[in-house]
Amino acid sequence: MSMQENILAINGGNAIRTEPFPLRKLFGQEEKAAALALFDEAMEKGHQVLGYNGPQEEAYCKEFSEFMGGGFADGVNSGTNAVYVALRALELEPFTEVIVPAISDPGGVMPVALCNCIPIPADCAPGSYNLGAREIEARITDRTSAIIVAHIAGLPVDMDPIMELASGRGIPVIEDSAQAHGAVYKGKKVGTIGDIAAFSTMFGKHHASLGQGGIVFTKKEDIYWRIRRYADRGKPFGLEGADGNVVAALNCNMDEMHAAIGRVQLRKLSQMLERRRQLAKSIVAGCKRLKTIKLVQEQPDCESAYWFLFFKIDTSKLRVDKQTFVEAVQAEGIPMDPSYFSAPSKMPWYSNRSVFGTSELPWSSPQYKGDANKQFDLPNIEATDAEHFRTAVFHEDCTEKEVANILAALSKVEKAYIKYETAEVCTMESIA
């Protein structure tokens with residue numbers, strides 16, 4: 001490597017990569033054909049073909065349940081509404097507490113407050129972005145009515161101790177599997193372990209049903225019928241002889257077009273996952289040559305869905321902090337994010353209690369018997385995020401070239417910033 005190539009791009013040297021990472025081309029000719037076929041059918045048979053609760057959604061839900069190894073599924077119109085419907089299907093009493101993840105898309109937590117329950121954030125397990133059983137137990141009170149866990153970045157949560165904790169107290173568990181389609185925990189698909197699961201199928205997820213969509217899944221038939229009712233304005237699904245809408249609920253239905261696209265996508269999911277796992281395996285192997293960086297992997301007997309990749313950095317061996325390191329990697333043409341501190345309880349809507357006007361409900365209700373002003377520290381996730389960064393672009397359309405570029409950039413930046421006592425070889429060029 002020449003002296004110019006040794007100089008970091010951020011300092012004026014040549015970048016490892018000068019072209020953008022490949023775009024994810026999730027939708028192809030198969031999805032287009034499915035959409036056109038459905039539209040042609042609607043032109044022939046009438047607009048109702050493009051409605052909801054039709055044969056496309058029925059087939060999609062059946063095929064999704066088969067993918068999960070058996071159970072019951074219902075298509076909805078977003079991942080956020082999948083969480084909302086899951087909560088409603090559990091028929092929680094208002095002003096009870098629901099333990100929620102420290103790290104999550106806000107749409108995975110906001111439905112709790114919209115159901116007039118109190119979202120209580122539990123910290124992540126040490127060194128992880130996922131919840132831990134001990135951290136959940138620390139938040140359980142006699143007001144706890146449910147627990148939501150989120151499998152962040154496709155890495156399965158350690159579910160066994162959480163389920164043991166929850167079942168011993170009769171507390172239902174919702175698995176937010178939006179980032180973990182097809183992930184496996186000890187031989188079980190993520191989403192089959194808790195009482196009910198919520199999946200997002202919006203355009204950025206592993207498999208998608210066009211722009212928005214979601215699936216609510218359970219292995220329990222009684223819960224399934226409640227899912228159906230709460231996803232469709234309380235219609236009396238599963239209730240023989242019932243007349244009229246039996247509960248108040250929103251219209252969260254998935255339509256036939258989204259279901260038709262989702263069916264095509266679902267058939268591609270296993271191949272997508274295999275490709276992501278192969279790419280991640282190559283990065284794991286390459287990181288073995290590095291002294292300060294390693295790729296975060298799933299625990300034994302599990303398989304990650306690798307929605308994106310977390311890297312752990314040991315800054316004690318470097319002359320710079322994480323932010324500086326990541327900025328140098330970015331300058332080498334590698335899209336990285338220095339943080340994933342997506343904590344809903346630290347967002348204005350939560351801290352300002354901005355849910356129902358200025359009422360501060362549900363926290364302000366006299367029916368809530370907890371401390372409405374209690375603050376919840378999250379030291380574990382703060383410590384975890386301080387020593388991790390993540391890929392900003394990672395998907396099945398990446399190739400071994402992108403893997404090689406990622407590893408080359410990490411190696412180049414590490415060599416430039418590594419401390420003398422850690423480096424095997426140290427030259428003036430390598431610390432320039």
| field | Separation of Leu26 CG from Leu210 CG (nearest 0.5 Å) | value | 9.5 Å

| Taking the side chain as C-beta and beyond, is there a heavy-atom pair between Cys124 and Thr384 under 4.5 Å? | no

| Taking C-beta and beyond as the side chain, do Phe325 and Pro338 meet within less than 4.5 Å on heavy atoms? | no

| Would the number of heavy atoms belonging to other residues, nucleotides or ligands and lying under 6.0 Å from CZ of Arg134 be above 12? | no

| field | Sidechain-backbone polar pair: Glu175 side chain, Gly194 backbone, donor-acceptor under 3.5 Å | value | yes

| query | Under the salt bridge (charged side-chain N to carboxylate O under 4.0 Å, His left out) criterion, do Arg17 and Glu402 qualify, and how do the steps go? | reply | CA-CA 9 Å; Arg17 186 183 178 101; Glu402 282 68 55; 2.9 Å; yes

| note | Heavy atoms of Ile118 and Val112 approach each other most closely as C-CG1, 3.9 Å

| request: Keeping to residues at least two apart or across chains, list the side-chain hydrogen bond (donor to acceptor under 3.5 Å, both in side chains) pairs with something in residues 108-132. | output: Tyr129-Asp385

| request: Compare all side-chain heavy atoms of Ile99 with those of Ile147 and state whether any distance is below 4.5 angstrom. | output: yes

| Does a side-chain heavy-atom distance below 4.5 Å link Met110 with Pro119? | no

| Is there a donor-acceptor contact under 3.5 Å from the side chain of Ser342 to the main chain of Ser104? | yes

| message | Does Gln271, at its CD atom, have more than 12 non-hydrogen atoms belonging to other residues, nucleotides or ligands within less than 6.0 Å? | response | no

| field | Minimum heavy-atom distance between Ile381 and Ala102, given as atom pair plus value | value | CG2-CB, 4.3 Å

| said: Closer than 3.5 angstrom, by distance alone: can the side chain of Asn11 be matched with the main-chain N or O of Gly13 as a donor-acceptor pair? | reply: no

| field | Residue list, side chain to side chain contact (heavy atoms under 4.5 Å, CB included) with Thr391, at least two apart or on another chain | value | Phe308, Leu309, Phe311, Met336, Phe394

| request: Check for a donor-acceptor pair, side chain of Gln265 on one end and backbone N or O of Ala208 on the other, with a separation under 3.5 Å. | output: yes

| Tyr368, Tyr350, Phe95 screened by ring pair (Phe, Tyr, Trp, His ring centres under 6.0 Å) with Trp363, the one that passes | Tyr350

| remark: Heavy atoms of Pro22 and Cys398 approach each other most closely as CG-CA, 4.0 Å

| field | Reported CD1-to-CG distance for the pair Ile227 and Leu90, which is rounded to 0.5 angstrom | value | 8.5 Å

| said: Distance check, rounded to the nearest 0.5 Å: Phe203 atom CZ versus Lys205 atom NZ? | reply: 8.5 Å

| query | Should Lys220 and Asp195 be marked as a side chain to side chain contact (heavy atoms under 4.5 Å, CB included) after you check the CA-CA gap, both sets of side-chain angles, and the distance that decides it? | reply | CA-CA 7 Å; Lys220 301 178 179 181; Asp195 297 271; 2.5 Å; yes

| task | For the pair Asp321 (side chain) and Thr324 (backbone), establish whether a donor and an acceptor sit closer than 3.5 Å, ignoring hydrogens and angles. | result | yes

| message | Between Glu256 (side chain only) and Leu50 (backbone N and O only), is there a donor and an acceptor less than 3.5 Å apart? | response | no

| field | Residues Asp222, Arg226; criterion side chain to side chain contact (heavy atoms under 4.5 Å, CB included); working and verdict | value | CA-CA 7 Å; Asp222 59 331; Arg226 295 203 297 271; 4.0 Å; yes

| message | Quick check: closest heavy atoms across Leu273 and His206, and the distance to 0.1 Å? | response | CD2-CD2, 3.8 Å

| request: Please say whether more than 12 non-hydrogen atoms of neighbouring residues, nucleotides or ligands are located less than 6.0 Å from NZ in Lys294. | output: no

| field | Geometric class of the Tyr60/Phe64 ring pair [parallel <30°, tilted 30-60°, perpendicular >60°] | value | perpendicular

| said: Working to the nearest 0.5 angstrom, can you tell me the gap between Glu137 CD and Thr144 OG1? | reply: 11.0 Å

| Can you find a pair of side-chain heavy atoms, one from Val329 and one from Phe389, that are under 4.5 Å apart? | no

| Close side-chain approach of Arg275 to Thr399, heavy-atom, < 4.5 Å | yes

| Atom CG in Asp232, atom CG in Asn53: separation rounded to 0.5 Å? | 5.5 Å

| Of Glu66, Glu30, Glu63, which is the lone residue that meets salt bridge (Lys or Arg N to Asp or Glu O under 4.0 Å) with Arg263? | Glu63

| message | Glu396 and salt bridge (Lys or Arg N to Asp or Glu O under 4.0 Å): which single residue from Arg24, Lys25, Lys268 fits? | response | Arg24

| Main-chain N/O of Ile193 paired with Lys219 side-chain donor or acceptor, under 3.5 Å | no

| Matching residue for His207 among His395, His258, His181 - test: ring pair (Phe, Tyr, Trp, His ring centres under 6.0 Å) | His181

| request: Find out whether Gln212 and Asn77 are in side-chain contact, i.e. whether some heavy atom of one side chain is under 4.5 Å from a heavy atom of the other. | output: no

| task | Taking all non-hydrogen atoms of both residues into account, name the closest pair between Gly75 and Cys61 and its distance. | result | N-SG, 3.3 Å

| Counting N and O atoms only, with roles assigned by atom type, does the side chain of Asp74 sit under 3.5 Å from a partner on the main chain of Val76, one being a donor and the other an acceptor? | no

| query | Just by distance, do the side chain of Arg229 and the backbone of Phe237 share a donor-acceptor pair under 3.5 Å? | reply | yes

| request: May I ask you to check if Lys189 and Phe67 form a cation-pi contact, with NZ or CZ under 6.0 angstrom from the six-membered ring centre and within 45° of the axis? | output: yes

| query | Which value, rounded to the nearest 0.5 Å, describes the distance between Lys186 atom NZ and Gln299 atom CD? | reply | 6.0 Å

| query | Within 45° of the ring axis of Tyr230 and under 6.0 Å from its six-membered ring centre, is that where the NZ or CZ of Arg88 lies? | reply | no

| request: Side-chain contact test, heavy atoms from C-beta onward, threshold under 4.5 Å: evaluate it for Pro106 versus Met347 and give yes or no. | output: yes

| query | What heavy-atom pair brings Ala183 and Gly154 nearest, and what distance separates the two atoms? | reply | CB-O, 3.6 Å

| task | Not counting sequence neighbours, which residues clear ring-ring contact (aromatic ring centres under 6.0 Å, His included) with Tyr224? List them please. | result | Phe72

| message | Under 4.0 Å between a side-chain nitrogen and a carboxylate oxygen: does that hold for Glu414 and Lys317? | response | no

| query | Can Arg143 and Ile120 be said to form a side chain to side chain contact (heavy atoms under 4.5 Å, CB included), step by step? | reply | CA-CA 11 Å; Arg143 299 176 296 277; Ile120 304 292; over 6 Å; no

| said: With a 3.5 Å distance limit and no angle check, can you tell me whether Asp377 reaches the backbone of Pro379 through a side-chain donor-acceptor pair? | reply: no

| task | Report the C-alpha distance between Leu279 and Tyr306 in whole Å, list the side-chain angles of each, state the deciding distance to 0.1 Å, and finish with yes or no for side chain to side chain contact (heavy atoms under 4.5 Å, CB included). | result | CA-CA 10 Å; Leu279 294 169; Tyr306 290 114; over 6 Å; no

